[in-house]
Amino acid sequence: MSQINCVQVVIDGEVFELSSPESPEHIQNVARYIDRKIKEIYSFKSEAAINARLRTLFISLNIADDLFKEKREKSDLYETIARLETDLDGYKNEIASLMEEREALKLRIEELEKEVIEAENNLNEYIEVFELNEGIKNNKIKRLN
């Protein structure tokens with residue numbers, strides 16, 4: 001079972017002792033938040049001009065407004081995360097495709113390198129045959145002279 005924390009907080013100038021399984025820091029943060037909301041209401045209307053019922057209503061509306069804004073922001077973040085995950089999946093697929101293409105290009109380069117070596121060998125053979133034929137021709141010409 002969770003430990004219950006008891007914390008003294010000040011809200012609207014009054015000291016309260018709150019008990020919660022939340023951390024003392026969290027309890028203090030919540031109390032400060034409520035105190036700020038009360039002070040926001042006082043900043044618009046004087047304390048005397050607002051009865052307790054209206055003050056509670058305005059504070060509740062402000063807190064609900066914050067809650068709805070946070071929910072909308074959370075929803076927007078989830079939508080952004082979903083879009084980014086979709087984009088990431090697309091990028092992963094694109095990378096996989098590019099890697100396959102790279103491997104195919106490597107194989108093609110190896111084939112072309114083999115063809116170049118074969119062509120160079122054939123060229124060398126043709127040159128040797130040509131030089132041999134030229135040598136034979138030159139010998140025949142010399143003998144004829």
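Everything numeric here is computed off the predicted structure, so don't read it as measured data.
Using a 4.0 Å cut-off between charged side-chain N and carboxylate O, D12 and K39 make no salt bridge. In this structure, K114 does not pair ionically with E111, as no charged nitrogen and carboxylate oxygen lie closer than 4.0 Å. A salt bridge links D65 with K69; the closest basic N to acidic carboxylate O contact falls under 4.0 Å.
What you find for Q8 and Q28 is that their closest heavy atoms are O-NE2, 2.8 Å. Contact record, S20 with I27: CB-CD1, 3.6 Å, taken as the closest heavy-atom pair. Scanning both residues, E22 and N5, for their nearest heavy atoms gives O-ND2, 2.7 Å.
Between the CG atom in L123 and the CD atom in E128 there is a gap of 10.0 Å [rounded to 0.5 Å]. Rounded to the nearest 0.5 Å, atoms CD1 (I81) and OG1 (T86) are 12.0 Å apart. To the nearest 0.5 Å, the span separating CG on L84 from CG on D89 amounts to 11.0 Å. One distance of note links CG of L98 with CG of N93; it measures 11.0 Å at 0.5 Å rounding. Atom CD of residue E79 and atom OG of residue S75 lie 4.5 Å apart, to the nearest 0.5 angstrom. Taken from CZ in R102 to CG in L105, the straight-line distance is 10.0 Å, to the nearest 0.5 Å.
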### Task
Dump the intermediate steps for side chain to side chain contact (heavy atoms under 4.5 Å, CB included) on S19 and I4, then the final yes or no.
CA-CA 6 Å; S19 299; I4 300 296; 3.8 Å; yes

### Query
Would I63 and I34 satisfy side chain to side chain contact (heavy atoms under 4.5 Å, CB included), going step by step from the backbone distance to the final call?
CA-CA 8 Å; I63 291 170; I34 297 298; 3.4 Å; yes

### Query
Do E25 and V7 pass the side chain to side chain contact (heavy atoms under 4.5 Å, CB included) test, and can you show the C-alpha distance, the side-chain angles, and the key distance before you say yes or no?
CA-CA 9 Å; E25 295 81 17; V7 179; over 6 Å; no

### Task
Assess whether side chain to side chain contact (heavy atoms under 4.5 Å, CB included) is satisfied between N62 and I41, documenting all intermediate values.
CA-CA 9 Å; N62 279 341; I41 297 303; 3.2 Å; yes

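Cluster annotation: L57 and Y42 are assigned to the same hydrophobic cluster (Ile/Leu/Val/Met/Phe/Trp/Tyr, side-chain heavy-atom contacts under 4.5 Å, transitive). When the side chains of ILVMFWY residues are joined at heavy-atom separations under 4.5 Å, either directly or via intervening members, L61 and I59 end up in a single hydrophobic cluster.
Within the 4.5 Å cutoff, the side chain of E94 has heavy atoms near those of the Y91 side chain. Within the 4.5 Å cutoff, the side chain of F16 has no heavy atoms near those of the V10 side chain.
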